[in-house]
A.B. asks: 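Dropping the structure in here first, questions after.
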2 protein chains.
Amino acid sequence: MSDVKVTINDIARMAGVSKRTVSRVINNSDKVGKKTKELIDKIIAETGFVPDKQARGLASSRSYLLGLVYDNPDALYIDEVQRGVLDYCSNGGYELVVHPCSYKSEDLIANVLSFVKRSKLDGIVILPPASEIDELGATLDDNNIPYIRIVSGRSENAENFVVSNDGQAVFELVDFLITLNHEKIAMITGPMNYRSSKERFSGYKVATEKAKLNLPQNYVVEGTNQYISGIECANVLLDLPERPSAIIANNDEMAAGALKVAVAKGIKVPEELSICGFDDNLLASRIMPQLTTARRPVRQMAKAAAKKLIAKIENGNPSVIVEEVVVAPKVVIRESTAALSPKT
Amino acid sequence: MSDVKVTINDIARMAGVSKRTVSRVINNSDKVGKKTKELIDKIIAETGFVPDKQARGLASSRSYLLGLVYDNPDALYIDEVQRGVLDYCSNGGYELVVHPCSYKSEDLIANVLSFVKRSKLDGIVILPPASEIDELGATLDDNNIPYIRIVSGRSENAENFVVSNDGQAVFELVDFLITLNHEKIAMITGPMNYRSSKERFSGYKVATEKAKLNLPQNYVVEGTNQYISGIECANVLLDLPERPSAIIANNDEMAAGALKVAVAKGIKVPEELSICGFDDNLLASRIMPQLTTARRPVRQMAKAAAKKLIAKIENGNPSVIVEEVVVAPKVVIRESTAALSPKT
DNA sequence: TTGTAGGCGTTATCAC
DNA sequence: GTGATAACGCCTACAA
């Protein structure tokens, strides 16, 4: 109730013990007499005492601050991640400090390191594509900074990763199209130096090969994940002599670009052309026709990342730390895909 | 170069002065001999010394942490704001801690207060609609917590506000439609308990009255700012006996909903119906036809907010603190609006 | 199980 | 202008 700041000394005095004992209670030490602990807990509750983070940090070199490092233009994705991490943060009294940065920048690693050190962050969550930089992970390891990388594909070391199995989702998307009698299935990939792009493309590759679709090389075009790039790539694809009947884009933005091109060329979607995106962005359900796409459980992934990260920081439950977290994006079927009349 | 942590004591020893003097240099005290200052600055530069934030905070009860408080579902807006604040943060060595919260929650104020206190935040930036709650501002004042509220309309106290003149933008939008010979101009407003909604509506009201359009009451429908609400409201509007020839929506989301309804009803946009949004969201340039809308300089506003906030925290330049910051959203003309053939 | 003493890195007080 | 010295609130050997 009282509004003046109550410190560990106050608690100690009120409980008639030394502050060392109060400290033990705060930090859940098991070496405190049951009665003593109960008394102290009671007083803490009554006074509303909360240990001062800065003092705590100064003494134990911790900050109760988590960092979020990202070089990703997708605001919706970022927002989901922030909320996901925060979903778990409250558990341990952590706060989230955000840090957008530039993937291309040569000093990204130094930049991140400085970010962590100048605020003594307890750990960081890194989003793709920055999370794909192995050197960053190595540097963090060298500096003993706990981190979790959120990536696409498989993780070689479960301890530091939360993984989204994008390849599987694209595989399912292609499979779905095949069910719809599509054979001429093209793909607009993301930048192929991104792991997420490789991963999604591999889903396409595996699925089309498994179905023995035997597609020409030029059915695969590399885009940049941007809307404009979707337009450019779709223009190439839809001008092909043997026009694809379906296009899978590496993300919704490019799918929207492809849709735009189709409309411009008078190609009916989905009657004459099926289009799939990836992300289930805001866009996906707003454009007409609504996009068939794949949705990652982003918030859930972020929450899992926070859980692992905090476990690492606090040397908590080892099973949480080493547990492999792999989530599967879910195919969302909407209006931009339709069955092709089977050829005779 | 060296990687071990260098402290103020090291600097003091190397400079042959007391740490109090080094402290003075760090804090730009003017009571330091020029030569002494130069020497110390040199050593600081050489060693790469950076004062420890926690220790500093513990001693001066500051954290060099800024908070961002928001209850706003618009991820794109949030992201822009974060980047804008960060644009300025680097100047003073501040970091940004994010805090989404619930506008409706009864304990919002207590929640925000706890957020600030538990991390000893130096100040916060509050986004609409949470920023519209005067009681929150008052509580913050009571607790001596520096803050900036980003709001629509006019600010009664320039010191604590950064303002976007949304009404003016809607006025211009209506004016533009009138130029296009539109007279039957309807509006889907936002929730009328939001200041931003009132503000935008007032732009509509003033413009239509000024042009003596004499519109029926039922040309104004209150929405919730959500896509689905745009659909519902547009359904009402477009079923009116005297159908509007233009609809202004309180945001792009609802404008997208209105567009959807028009398409469903076979009403051609923009030939038979013009539609305007507000925000210039991602959506606006992706849907077809692309939306005519209004764009706020969000990032710039956020940067201005950070500048004011830091000035307040540091008791800096009074002119910055009291300066009125009012920005004007810009009308962006795209494809969803067109001229009506003038009646004869 | 509990307490004592010292330290974490900085700023604030007050004297010189 | 400059410097001891004491906070700031907590943690952690070490001792009892």
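FYI, side chains are in, hydrogens and waters are out, and symmetry mates aren't considered; it's all heavy atoms of this structure. Numbered from 1 within each chain, the chains take letters A, B, ... in sequence-line order.
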A.B. asks: So if I take every side-chain heavy atom of Arg24(B) and compare against dT10(C), dT2(D), dC11(D), which nucleotide ends up nearest?
C.D. replies: dT2(D)
A.B. asks: Could you state the CD1-C1' distance from Ile40(B) to dT2(D), rounded to the nearest angstrom?
C.D. replies: 10 Å
A.B. asks: More than 12 foreign heavy atoms under 6.0 Å from NZ of Lys307(B): is that the case here?
C.D. replies: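 No, because the 6.0 Å sphere around NZ of Lys307(B) holds 12 heavy atoms or fewer from other groups.
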A.B. asks: Verify the contact: side-chain N or O of Thr36(A) to OP1 or OP2 of dT1(C), cut-off strictly under 4.0 Å; return yes or no.
C.D. replies: no
A.B. asks: Between Ser152(B) and Arg195(B) (side chain of the first, backbone of the second, donor and acceptor by atom type, cut-off under 3.5 Å), is there such a pair?
C.D. replies: no
A.B. asks: Please check if any side-chain donor atom of Asn27(A) sits under 3.5 Å from a side-chain acceptor atom of Arg56(A), or the reverse.
C.D. replies: yes
A.B. asks: Below 4.0 angstrom from OP1 or OP2 of dC10(D), is there any side-chain N or O of Asn9(A)?
C.D. replies: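 For Asn9(A), the contact criterion (side-chain N or O under 4.0 Å from OP1 or OP2 of dC10(D)) is not met.
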A.B. asks: Taking C-beta and beyond as the side chain, do Ile124(A) and Val116(A) meet within less than 4.5 Å on heavy atoms?
C.D. replies: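 Yes; the side chains approach each other to less than 4.5 Å.
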A.B. asks: Verify the contact: side-chain N or O of Arg56(B) to OP1 or OP2 of dG9(C), cut-off strictly under 4.0 Å; return yes or no.
C.D. replies: no
A.B. asks: Applying a 4.0 Å non-hydrogen cut-off, can you work out what Ser23(A) is touching in the nucleic acid: base, sugar-phosphate, or nothing?
C.D. replies: base
A.B. asks: Does a side-chain N or O of Ser18(A) approach OP1 or OP2 of dT2(C) to a distance below 4.0 Å, or not?
C.D. replies: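 For dT2(C), OP1/OP2 do not have a side-chain N/O of Ser18(A) under 4.0 Å.
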A.B. asks: For DNA chain D, whose closest nucleotide is more 5', that of Gln54(A) or that of Val32(B)?
C.D. replies: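 So the residue in question is Val32(B).
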A.B. asks: Just checking, is any N or O donor in the side chain of Ser114(A) or Arg118(A) under 3.5 Å from an acceptor N or O on the other one?
C.D. replies: yes
A.B. asks: To the nearest 10°, let me know how far the axis at one end of the helix from dT1(C)-dA16(D) to dC16(C)-dG1(D) is tilted from the axis at the other, five pairs an end.
C.D. replies: 30°
A.B. asks: Considering every strand and a 4.0 Å limit on heavy-atom distances, what is the contact class for Lys53(B): base, sugar-phosphate, or nothing?
C.D. replies: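 Nothing, no heavy atom under 4.0 Å.
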A.B. asks: Among the candidates dG7(C), dT4(C), dA12(C), find the nucleotide nearest to the side-chain atoms of Arg20(B).
C.D. replies: dA12(C)
A.B. asks: Does a salt bridge link Glu46(B) with Lys42(B), judged by any charged N lying under 4.0 Å from a carboxylate O?
C.D. replies: yes
